[in-house]
Amino acid sequence: MNFNMTLQGIKRKITYVASYEVLAFMCGTLGFLSFSDSSLERAGALAVFASIFAVSWNFVYNAVFERWEAGRIARGRDFGRRVLHAVGFELGFLVVLMPVAAWWLDISYLRSFMLNLGLNIFFFVYTFAFTWAFDRVFGLPTSAATPD
């Protein structure tokens, strides 16, 4: 189902990132709060950092992914390509957030890894589902669209 609201270029990226991050911020704050012994203020501050990093990472990662995608012979976004997109995004996010969370929440690297692993599993599914729904509402980006 495409609602003929095709977005491309910078408008697409801004709409994607803004809508993704509003939901992600709420989920991240609840996750940090629920699975650590920290206060709402510390969990919220970490979620703010995570959101700011995620916005930056989202722009960079999606630009690189779409450049890679544009060079592929196969067009469209099948299940495998969507999984690749979500895994790549979450791995990059984990590499940065794990040590920051350990330091900020004053927890061990192992506990931070477990916390981040749980959040990454959640956000892996969230990223996959959100991107699929976004593409259904706004159409595929030019890099993945089938030529008319």
Side-chain angles (χ1 to χ4, degrees), residues 1-36 43-105 107 109-148:
M1 173 184 350
N2 182 330
F3 296 103
N4 294 320
M5 299 171 56
T6 304
L7 282 178
Q8 296 299 329
I10 193 72
K11 287 181 184 178
R12 178 186 179 81
K13 288 174 176 51
I14 290 170
T15 303
Y16 178 92
V17 170
S19 55
Y20 180 97
E21 285 306 315
V22 165
L23 292 171
F25 173 76
M26 291 185 285
C27 294
T29 299
L30 290 174
F32 291 134
L33 185 60
S34 298
F35 298 104
S36 73
L46 184 57
V48 167
F49 168 80
S51 289
I52 291 168
F53 173 71
V55 168
S56 304
W57 176 232
N58 222 322
F59 270 108
V60 169
Y61 181 77
N62 283 319
V64 170
F65 188 86
E66 287 176 13
R67 175 176 271 169
W68 170 83
E69 184 176 53
R72 306 287 68 101
I73 294 170
R75 305 309 278 178
R77 287 189 175 171
D78 62 6
F79 183 80
R81 193 168 289 180
R82 289 186 184 283
V83 169
L84 179 65
H85 180 269
V87 167
F89 180 84
E90 294 304 327
L91 281 176
F93 196 73
L94 177 67
V95 165
V96 172
L97 193 58
M98 190 185 76
V100 171
W103 168 72
W104 184 252
L105 299 175
I107 58 177
Y109 280 103
L110 178 60
R111 188 158 180 199
S112 179
F113 176 75
M114 297 306 292
L115 169 64
N116 278 283
L117 184 62
L119 286 171
N120 274 41
I121 291 168
F122 169 79
F123 278 107
F124 173 78
V125 173
Y126 171 75
T127 299
F128 181 89
F130 183 90
T131 304
W132 176 81
F134 189 88
D135 288 347
R136 299 287 289 176
V137 172
F138 296 106
L140 291 174
T142 304
S143 64
T146 305
D148 293 329

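If you run side-chain contact (heavy atoms from CB on, under 4.5 Å) between N58 and each of V55, V60, N62, only N62 comes through.
The nearest pair of heavy atoms linking P99 to L94 is CD-O, 4.3 Å. Taking both residues in full, the closest heavy atoms of A101 and S112 are given as CB-OG, 3.6 Å, listed atom of the first, atom of the second, then distance.
Listed by chain and residue number, nothing satisfies the ring pair (Phe, Tyr, Trp, His ring centres under 6.0 Å) test with W103 (two or more places apart in sequence, or in another chain). For E21, there are no salt bridge (charged side-chain N to carboxylate O under 4.0 Å, His left out) partners at least two apart in sequence or on another chain.
To the nearest 0.5 Å, atom CE of residue M98 and atom CG of residue L110 are 9.5 Å apart. Distance check, rounded to the nearest 0.5 Å: CZ of F59 to CD1 of I14 gives 5.0 Å. Between K11 atom NZ and Q8 atom CD the span is 11.5 Å, to the nearest 0.5 Å. We find the CZ-CD distance between R12 and E66 to be 6.5 Å, quoted to the nearest 0.5 Å. The line from OG1 of T15 to CD1 of I10 is 9.5 Å long, rounded to the nearest 0.5 Å.
The shortest side-chain heavy-atom distance between L91 and V95 does not fall under the 4.5 Å cut-off. Residues R81 and F65 meet the side-chain proximity criterion, which asks for heavy atoms closer than 4.5 Å. With contacts defined as side-chain heavy-atom distances shorter than 4.5 Å, the pair L97/L46 qualifies. A 4.5 Å side-chain heavy-atom check between R82 and D135 finds at least one atom pair inside the cut-off.
Relative orientation of the F89 and F93 rings is parallel, given thresholds of 30° and 60° on the angle between their planes. Under the 30°/60° scheme for interplanar angles, the aromatic rings of F53 and W57 are found to lie parallel.
Although no hydrogens or angles enter the test, the distance criterion places a donor-acceptor pair under 3.5 Å between the side chain of Y61 and the main chain of H85. Between the side chain of T131 and the main chain of F128, no donor-acceptor pair closer than 3.5 Å is present. Formation of a donor-acceptor pair under 3.5 Å by the T29 side chain with backbone atoms of G44 is not found in this model. At least one donor-acceptor pair closer than 3.5 Å links the side chain of Y126 to the backbone N or O of Y20.
Each side-chain hydrogen bond (donor to acceptor under 3.5 Å, both in side chains) pair with one or both residues in residues 87-96, not counting sequence neighbours, appears once here: E90-T127.
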